[in-house]
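Let me begin by presenting the structure, written as structure tokens, before commenting on it.
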Protein chains: 2
Amino acid sequence: MAYRRTPKMQGRIDAAREQILTAAHRLVAEAGYGGTAIPDVAKAAGVSTGSVYTHFPSKTALFSEVYQRAARHEIEVFREVADTKGTPRERLTQMVETFARRALAGRKLAWALLVESVNEEIDADRMRFREPYRAIIEDVINEGIKADEFVVQDAKVTSMCIVGAIVETLVRPLSRAQQADEEERLVCNLIQVCLRSAGPIMR
Amino acid sequence: MAYRRTPKMQGRIDAAREQILTAAHRLVAEAGYGGTAIPDVAKAAGVSTGSVYTHFPSKTALFSEVYQRAARHEIEVFREVADTKGTPRERLTQMVETFARRALAGRKLAWALLVESVNEEIDADRMRFREPYRAIIEDVINEGIKADEFVVQDAKVTSMCIVGAIVETLVRPLSRAQQADEEERLVCNLIQVCLRSAGPIMR
DNA sequence: TTAAGGATTGAACTCCAGTTCATTCTTTCT
DNA sequence: AGAAAGAATGAACTGGAGTTCAATCCTTAA
């Protein structure tokens, strides 16, 4: 034998892998999955096309990892907000606002993560990306029910609806930027609708 | 000159065009846009591949028309429900239920119309497909506000949210069928959430 | 220093859905 | 009937995205 993988070598490999992931992330944030070709990623990462395939078995696999990383980070942020002090109602407000504002701040990425549909595998990733948001919202709603702040309800369905409401409200702004005050209005009203969705019925 | 288009001839051309549209509709309802190739459509319509292109300039154009037709019909049904007798609250209930049940009855088609994303042009069609639903819901909400049944609100945003809520709730069931009672539960709860979204805030 | 093992390269290849077009078939009008 | 114009045909083409692989470069261990 005349070659063995040393820590130093491993470091370079890992670094290259990181470069590729970072570049892919950046390009997705600029052009979405569909608008990003592997040769572009390679160029942006400073490696060759073929090299990408020594690190990832396919485009789908690479982007799947990109999505999962971005998702994990976003969801951490979201969970932190959900865990801050305040009544369930106050926290839900914060959560919806955070979700909306972060999405609008990184439009294209949010669009890629939330709605861009490309193939079944990536679609599955997107579903998986939405699910944690839903679950966190569900928890807060259930706390609100216990605290008599929200009416007794199927928190699972309500949380689904809230995720759907947020996404639907944001789809258009995410595709093409609106006027700032228009977006402001949207976010405020979105919060109101979400609160009502979870809130008690008045008869 | 030795040829002019006679009514008889025009009839055949129109018939072929119809055949193609019908076949395309059927195939979309079975496999979605992405799962339907032009040669398949041609075969199903009993014409040649090339013939499809004498009737439609591109696959996108053909399916755009398929979508628009399906949309027009669905929206007519929806509008009828919106125009039936009853309080805004009752009507909104009927509307959500109709939307949900019709979507579940024609899963794949609903999926193609509502969420399958393929290219920008078709995406735009899908947006256009959702918009009338939203507008109809908006009208009913505004009536409800006038009737003091719903709290004063931005009905545009609420209607967006309701559309989003419905779609989000249905996405999973549309992809893979759930148990019947599970779907029943979903629809019932969905209606409740939508009513609350539009309903008055209790404080 | 040198040979072997592994990583990297990027031009070329594959694959395939959408589209084309030379040919054939139909219809119309003289 | 015959010629002209249009419609239909479907095998072949095309373009572009994802992927491959023979050649090359680098690293390690003797």
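Letters go in sequence order (proteins before strands), and every chain restarts at 1. Every value quoted in this text rests on a predicted model; they were computed, and no experiment measured them.
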Whole angstrom value for the distance that separates [atom2] of [N] from [atom1] of [X]:
X	N	atom1	atom2	answer
B:Lys8	C:dC29	NZ	C1'	14 Å
A:Arg17	C:dT8	CZ	P	12 Å
B:Ile20	D:dT9	CD1	C1'	13 Å
B:Gln10	C:dT26	CD	C1'	15 Å
B:Asp40	C:dG18	CG	C1'	12 Å
B:Met9	C:dC25	CE	P	16 Å
A:Gln19	C:dT8	CD	C1'	15 Å
B:Ile13	C:dT26	CD1	P	15 Å

Hey, is [X] close enough to [Y] for a salt bridge, meaning N to O under 4.0 Å?
X	Y	value
B:Glu80	B:Arg102	no
B:Arg17	B:Glu65	yes
A:Arg69	A:Glu18	yes

Below 4.0 Å: OP1/OP2 of C:dC29 and any side-chain N or O of B:Arg4:
yes
A:Gln10 atom CD, over 12 foreign heavy atoms within 6.0 Å:
yes
Members of residues 45-59 of chain B that approach DNA chain D, where some heavy atom sits under 4.0 Å away
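B:Val47, B:Ser48, B:Thr49, B:Gly50, B:Ser51, B:Thr54, B:His55, in order of number.
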Any luck finding a side-chain donor-acceptor pair between A:Glu121 and A:Thr60 under 3.5 Å?
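Side chains of A:Glu121 and A:Thr60: no pair found under 3.5 Å.
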Under 3.5 Å, is there a donor on one side chain and an acceptor on the other for A:Gln94 and A:Thr84?
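No, no side-chain donor-acceptor pair sits under 3.5 Å.
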Closest-nucleotide ordering on DNA chain D, the 5'-leading residue of A:Gly34 and A:Arg5
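By nearest-heavy-atom nucleotide position, the 5'-most residue is A:Gly34.
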Do B:Tyr133 and B:Phe78 have their ring centres less than 6.0 Å from each other?
yes
Looking only at side-chain atoms of B:Ile38, point me to the closest of C:dT19, C:dA7, D:dA7.
C:dT19
